[in-house]
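Before any comments, here is the structure.
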Amino acid sequence: MTDLIPLSTCLVLIPALPLVAAIVVAVLGARLLKERSHYVVVGAFAGSFLLSCLLLLHLNANQAGNADGGTERSAGFAQVVTLWTWAHVDDAYEFESTDPATMADAGPHDFDIRIALRADALTGMMLAMVTFVSTLVAIFAAGYMHGDRGYWRFFSYVALFVFSMTMLVSVTNFVLLFVFWEAVGVCSYLLIGFWYEKPAAAAAGMKAFLVNRVGDFGFALALFLIWSTYGTLNFHDTLADGSPAPIALDAAVSPADGPAATVTDGVVRGVLGVRRITANDYVGGQVALMICLLLLLGACGKSAQFPLHVWLPDAMEGPTPVSALIHAATMVTAGVYMVARCTPLFMASPEAQLVVACVGGFTALLAGLIAMTQFDLKRVLAYSTVSQLGYMFMALGAGTFTGITAGMFHLFTHAFFKALLFLGAGSVMHAMGNVIDMRQFGGLRKRLPITHWTFFLGCLALAGVPPLAGFWSKDTIVAAVHERAHELEHEAAHRHEVEPSRPGGDHGRPAEDQGGGGAIRHFAGHSHAADGEPSLVPVALIAAPAAGGHSVLESLSTEQLHRYAGIYQLLYYVAMVTAFLTAFYTFRAFYLTFYGEERIPPEAEGHAHESPPVMWVPLAILAFCAVFAGLAFDRTYLRVDATHLFAEFLANAPSLAAGAVTTTKVPYEFHLMVAGLSSAIALSALLIATYLYLGGRREILWLKSIFDFELIAGNLDVEAVAGWSRVGWIAAIHRQARAAHLGWLTSLVGNLFLMAVLVLTTPFLLGRTLSPYNLSQRKFYLDEIYFLVIILPMRALGAVCFVVDRWVVDGTVNAIGRIPPRFGALMRPLQLGLVQFYALAMVLAMLVLVAAKFIWAAG
Amino acid sequence: MDVSTLLQLSVVTPLVGAAVLAVPGARRYARYIALAVTIITMTLVAGVIVAFPADGKTDGLFAASETVWLGEASGLDVRFSLGLDGLGIWLYGLTALLMWTAVLVSWSAIRERVALFFGMLMLLEAGCLGVFAARDIILFYVFFEFTLIPLFFLIGIWGSEDRRHAAIKFFLFTLAGSVLTFLGLLTLVFLGAHRAGTTGAWSNSPDRPLNFSISYLTAELQSQHATIFTSLDRDASDTLSLQEVLAGKSPVRRQRARQVFSEQTGIDADDPGLQQAEVTFEEFQGRDAGLRHLVFWALFLGFAIKVPLFPLHTWLPLAHVQAPTAGSVFLAGILLKIGTYGFVRFSIPMLPDAAAAAMPILLWLAVIGIIYGALVALVQTDMKRLIAYSSVSHLGFCMLGLFAFNRLGLQGGTLQMISHGISTGALFALIGMLYERYHTREISRFGGLAKEFPWLACCMLLFTFSSIGLPGLNGFVGEFLVLLGMFQRAWTGTPLPLKASLMTVAVLAVTGVVLGAWYMLSLVKRVFFGETRVPASTDRHAGEGPHGDLCWRELAALAPLALFVVWIGVQPRFFLDRMQPTLNQVSDVVANPWGPAEPAPVAAARAGVARRPLMPASRPSLGDTNLRPARDGKESAAGHSLVPGATTVEVAAPGTSDLSTIHAPSWEPMPRVR
């Protein structure tokens, strides 16, 4: 089977098929294909999916072969397929180095960017996930979009998106990553604004694009810094002429000769190339921190993390299949993918990893809180997506092998159950005549039985109820964060044991990191294995032996270790709380939609029935995956042969197979304590939601009144106070006073009174505006804050600049322009036209000249 | 046919076309004649471009041809000299391409004095083609000024309500700058003639006529520069910066120059060659340095107004708003590029030291232009003015790249010129099409046009994306390379005092990318999305112009531009490769504006890494003679006493030192590059 189509062909065809489909539909869609456009697209997606599976087989086969063969693991590492050269500038970068470690890279570097793809485990997994979900979504959309005016346009955009997304995960340099990073953003823009007649949709599309641009600003800065630091933008190692270097792993993974031997002459080491990763030649200190934070900003934009998460909920204006495909399952995971891909860069900066984790944790909590009070079913799911992406970032920020694979695993399982939930919401919307406000419908379980059951499974998975998919992945994340905190504490304690006499301040910080730009040194032989602490033994399962990498924790002081450990511990609690929130809002939405008395909005008249098979079959398939994806890949629960198939597969990606990350590798194990705790939390939240929302709507009765300060602020109302002036006896007094020419007095008293009331009630009003309920309902007013803090000042600045432009800049120009005419005007009176005057002037001038001559001569 | 003949013909054809249009009988067919001439010119231009070597490597000039204009007998060797290199080739092509668009968008929009209009357009095209192909300073300047006249009439006759004011302002503003530019260009010629060995002033003698050739002057002035600076730059123990040397405040440096030269060449200190060197050096750093700075700023004024660089941009929005569509297309597409072209053609390669000194200022002006243009564009209510301000922003990116002084920046800046010409030209054409239908450009009067005008909306979206630098389309490539170059400059090739300043410039420039997306997308959103809203047509010509969605003619006007938008985005190498050798020559002259950046030990350790010489040696290298420690001798002793510890030159083994590849400066006048 694998011999049939070689790996490189697979890799090229996977994005090529959707691209061809997009072009075919764009060209022929309007006239020829029309309502048949989806055949082309679904066919192409399915083909891509099959090829992705084939690619996985290829990768797996290579890895299996490698397990026997020892070091010969070339295909498990990146295999690069070059299509053509995008841009080439000779000797664009003069790499100067005084550092013996990077001396090998010194010399002129070409700027050489090729359209090149590479396959490794990370790519293979992403490709399979993306093409699988998009195939199902395309099938669903064929039913959902039926009869839309822009049917072909929709499928053309979606195919273009899948092309961009598959390219995004397969390209092998930062420039192309950025190209397709923005390309998926454009597809998202086009699809959110698909119904461009709706002003809200057009605005949401633009908002998404612009917020993403802010992220891309960071990403672009990161690329420029990487170029300025490493002199290359390729992931893979290249030869001097720009072609991919052979992987030569024998040299690369053997640590015996030291890092210098890993660098073959004439090879430019890619930023994420095998040689550099193995030698762990990454710049540390401030530069690393800056690069990582900027990359994170980019990731925050695409993956909707705080503070750039605001676009995703608005993006729900797009057609629901788009929400499922782009804004839940695939595109928004691009940030996670990118951070995982850049693991070696992040390993060089534990501070940056901490920030990643914090951003993730904060976003997870924030989005969870907002999701609790939303009434738009799709927005609940959107915030839930933001929250789950936050989990993924938290996992990546844990910075350990387990953490990163856990993040990717959650990405993988989340794609299934979130796509399922969104498509379920789409199914509801389809039946309800495009109404998505949960206050307008309810009790739909009888009308939409299949949607109800599949949605239920999706909810269970999202809530993290064992043994569904979400449970396994979320559990690994929580455990990874927990473990990280422990590890840091342990490291600190260990230092204390080894060298108790030395003060903690600068301990362990390598000298070359002080300057902020030096490369991280290799701590040969450093290993925790001697400690006898099993969870800290670096297990060289597949990857380079421990000596190849080093523990990045070396660069942290003991104090920092303690502080970081505390923060990770805090994040662990945040993860637990968020797990509670997740289960709660998920089931809140579920009960509001499917339970209670049956209510159907007027828009749905006549078609409030279950969707056609073309829509529910994808739901069923996704539900199946949502149930079993975790069990199938996470085998840590087995007593014998406990392993994490998913993590083990990913471990073959260069970013995760070598370098510093391998030192954080621990044996796969099932954390019973964490698992039990998180399941208990999920179940308790589920029960609370059941109590509150099943049957009567208790939320309205008491929950809201508590969290909305209704008792305090309910009776104090400025309008009511202002209305007093119309109360009979007050008005009568006022009339009397006016008659006695004392109207000013009563007006004054009244106004003073009104002002007093205003001043007194302001705190209460403010309190009510900022009540927990309102904060959550109004999304913590972030949109408003951004408007006030960014958009408005920018517009004002623009207006000021325009005024300056017109009156100052152009005014100066005009003023200068007026000088010659003015000067001429001064001279004009001299031209009298009187001949006598001219004669007089001539004589006078001559006299003056002669006099001057005399004086000159005399002087 | 010979390529050089093709080139000549391509410049002459539009002139012939204009002449034909002047024939009274031809007026009825003015449009068709104009189209025919455009197509012929495009074919000729395409012929030239196809023949241009794919790697851009031409020995000397491509398609060069020249005829004596003012003979040597007059002492002024002015020639009608045409030729192309990697810098001019794409701008030359762009001119012909945009002419196609300009003619087609004017097809039904121009109803009065049609023949005159197209005649002016032809003249404009001839002028622009000539500017990019001219290889003689006088010829360049003739074309440079010549472009103003037809455009003046285009704006003044066929413009909107305020056309006279706009035309006069445009004309006077640009003329004021270019008069100084002319002085600057002439001074360049004198500087070129003023060379070591020709002591004394230039005399108007027939045997040594003044040389106006751009190629000659570039080579000559660069070699004057290299003569002095290679000998100083490569001094490993040098701790003084180039700018200090230039400031002429250090007699010690002068001393050093003589000493280094003496050591390198083994010529005695009394040698007449060495004395000559000193004369040259003194002239160069003393009187001439000041003069060169002056010339740079004179050139700057003319070119910067054309670009237009903040704060000299105010003529642009006015001219754009008032100009007819074809005028706007040409103005934005080509005429602005003449300014940036001038910087790369004259200012940077001919006055490298002055350019280096001015670089931080220009970078700041560029970045202010980027942000300022974008902010002002954000609050515009007139579509054309919005695009005009966006041009200020985009041209800021061009300037940023050019003045990053490295290969990436220069190539990016040059590509950005082409990209901006295509996308902004197309945007103006699109707005013109909309104007033709509704006779208004007020953004607030439109809404939701995408529903009725799907093709118009589609094209608008494509060119908007191209304009905001969307990856995969043309705008991205230039912008990306420019910023990459700028970052490389700020982070790796800048001395400490300037570093923070340049880093700020680099980071601020990137914000322009975000702002650019903001104003362009909100334009698209307000005009094309949302609920449909169109203004009632009030024009007296209502009913005559096109209605509904774009017609075939209009699509044909945009199609080639769209093709290039995608082509440049997907395969920029095709375009970069052809411009690369020329631009590399330019960037290598200024690559180290602050002298050597690397400390000596590294240079010594980097054995085996061949470096490119700054300048091709014009005679066999004498550089194998290694530097020796300062020996006895009056001058070197003086050097020692003045700069303690600074004059000890390290001994380097043959072939291992960087210093060994220094090319000895040539003291003879360069052979004329003709």
Side-chain angles (χ1 to χ4, degrees), chain A residues 84-94 96-98 103 106-108 111 115 175-176 178-183 186 189-190 193 196-199 201-203 205-206 209-210 213-214 216-217 220-221 223-225 227-229 794-795 797-802 805-806 809-810 812-813 817, chain B residues 169 172-173 311 313-315 372 375-380 406-408 411 448 450-451 465 470-472 476-477 480-481 483-484 486-488 491-492 506-507 510-511 513-515 517-518 521-522 525 528-532 570-573 576-577 580 584 597-599 601-602 605-606 609 612:
Chain A
W84 70 83
T85 303
W86 187 74
H88 180 97
V89 177
D90 286 324
D91 295 353
Y93 184 87
E94 188 76 6
E96 284 157 0
S97 167
T98 49
M103 275 305 286
F111 175 79
I115 310 280
V175 180
L176 285 191
F178 187 73
V179 166
F180 290 103
W181 186 266
E182 288 231 321
V186 167
Y189 166 80
L190 292 172
Y196 51 79
E197 302 94 337
K198 277 199 327 195
M206 191 175 119
F209 194 89
L210 290 183
R213 264 271 154 138
V214 175
D216 295 349
F217 164 79
L221 283 180
L223 298 200
F224 301 144
L225 278 185
W227 169 254
S228 303
T229 314
M794 287 303 239
R795 287 199 173 280
L797 196 59
V800 168
C801 281
F802 189 41
D805 198 58
R806 176 158 289 181
V809 181
D810 202 29
T812 316
V813 171
Chain B
K169 184 160 188 174
L172 287 183
F173 207 144
H313 63 274
T314 49
W315 61 271
Y372 178 89
L375 281 176
V376 177
L378 203 56
V379 295
Q380 294 309 310
N406 51 32
R407 292 182 168 201
L408 288 173
Q411 293 186 26
K451 202 166 185 176
F465 282 151
L470 192 82
F476 169 72
V477 189
F480 186 80
L481 290 180
L483 292 171
L484 208 55
M486 187 60 222
F487 269 75
Q488 192 181 324
W491 256 260
T492 65
V507 174
V510 188
T511 59
V513 178
V514 180
L515 291 174
W518 187 358
L521 286 184
S522 67
K525 191 192 88 179
F528 289 93
F529 299 153
E531 278 155 26
T532 309
V570 174
Q571 176 63 306
R573 188 185 189 187
L576 289 174
D577 275 359
Q580 209 170 127
N584 284 353
E598 50 191 316
V602 185
R606 285 208 354 227
V609 182
R612 280 177 174 66

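Numbers restart at 1 for each chain; the letters A, B, ... are given by sequence-line order, proteins then strands.
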Query raised in the report: Between B:Q411 and A:F111, is a side-chain contact (heavy atoms from CB on, under 4.5 Å) present by the stated rule, with each step listed?
Result: CA-CA 12 Å; B:Q411 293 186 26; A:F111 175 79; over 6 Å; no
**Report entry** Which portion of B:L484 sits near chain A, non-hydrogen atoms under 4.5 angstrom
**Finding:** both
Query raised in the report: What part of B:T511 is in contact with chain A, defined as an atom under 4.5 angstrom from a non-hydrogen atom: side chain, backbone, both or neither?
Result: both
Query raised in the report: B:V379 versus A:M794: any side-chain heavy-atom pair under 4.5 Å?
Result: no
Query raised in the report: For B:T492 and A:S228, which heavy atoms make the closest approach, and how far apart are they?
Result: CG2-O, 3.5 Å
**Report entry** Euclidean distance, A:E197 CD relative to B:K451 NZ, rounded to 0.5 Å
**Finding:** 4.5 Å
**Report entry** Pair A:F224 + B:F480: ring centers closer than 6.0 Å
**Finding:** yes
**Report entry** Donor-acceptor side-chain pairing of A:W86 and B:Q571 below 3.5 angstrom
**Finding:** no
Query raised in the report: Is it the side chain or the backbone of A:A203 that comes within 4.5 Å of chain B heavy atoms, both, or neither?
Result: both
Query - Residue among B:V507, B:L515, B:D577 with most heavy-atom pairs under 4.5 Å to chain A - result: B:V507
Query raised in the report: Under 3.5 Å, is there a donor-acceptor pair between the side chain of B:Q580 and the main chain of A:H88?
Result: yes
Query - Top contributor to chain A contacts, counting heavy-atom pairs under 4.5 Å, from B:L576, B:L481, B:V570 - result: B:V570
**Report entry** Which atoms of A:A183 approach chain B - backbone, side chain, both or neither, heavy atom under 4.5 Å
**Finding:** neither
Query raised in the report: So which part of A:V809 gets closer than 4.5 Å to some heavy atom of chain B, the side chain, the backbone, both or neither?
Result: both
Query raised in the report: How long is the gap from CZ on B:F465 to CG on A:L190, to the nearest 0.5 Å?
Result: 5.0 Å
Query - Considering all heavy atoms, the nearest B:G530-A:A202 contact - result: N-CB, 4.5 Å
Requested in this report: Measure distances from A:W181 to the heavy atoms of chain B and classify the residue's part below 4.5 Å as side chain, backbone, both or neither.
Outcome: neither
Query raised in the report: Between atom CE of A:M206 and atom CH2 of B:W518, what is the distance when rounded to the nearest 0.5 Å?
Result: 8.0 Å
Report task. Name the option with the most non-hydrogen atom pairs under 4.5 Å to chain B; the candidates are A:T812, A:V186, A:D216. Result -> A:V186
Report task. Under the side-chain contact (heavy atoms from CB on, under 4.5 Å) rule, what do B:Y372 and A:D805 come out as? Steps first, then yes or no, please. Result -> CA-CA 9 Å; B:Y372 178 89; A:D805 198 58; 2.6 Å; yes
Query raised in the report: So which heavy atom on A:F178 is nearest to which on B:P471, and how close?
Result: O-CG, 4.1 Å
**Report entry** Closest heavy-atom pair and its distance - B:F173, A:V813
**Finding:** CE1-CG1, 3.4 Å
Report summary line: Output for pair (B:L408 CG, A:W227 CH2), nearest 0.5 Å, gives 5.5 Å
Query raised in the report: Do A:Y189 and B:L521 come close enough that some side-chain heavy atom pair is under 4.5 Å?
Result: yes
Query raised in the report: Going by heavy atoms in the side chains, are B:V514 and A:L210 under 4.5 Å from each other?
Result: no
**Report entry** Side-chain (A:R213) to main-chain (B:V513) donor-acceptor, under 3.5 angstrom
**Finding:** yes
Requested in this report: Mind ranking B:T532, B:V477, B:N406 by heavy-atom pairs under 4.5 Å with chain A and telling me who comes out on top?
Outcome: B:V477
Requested in this report: Provide the closest heavy-atom pair for B:V376 versus A:C801 in the form atom of the first, atom of the second, distance.
Outcome: CG2-CB, 3.5 Å
Query raised in the report: If you tally heavy-atom pairs under 4.5 Å against chain A, which of B:G448, B:A377, B:A450, B:A506 wins?
Result: B:A450
Query raised in the report: Could you state the interatomic distance from CG (A:L223) to CZ (B:F487), rounded to the nearest 0.5 Å?
Result: 10.0 Å
Requested in this report: Taking all heavy atoms of B:L470 and all of A:F209, pick out the closest pair and write down the distance.
Outcome: CD1-CZ, 3.8 Å
Requested in this report: Please round to the nearest 0.5 Å and tell me the distance separating atom CD1 of A:I115 and atom CZ of B:R573.
Outcome: 11.5 Å
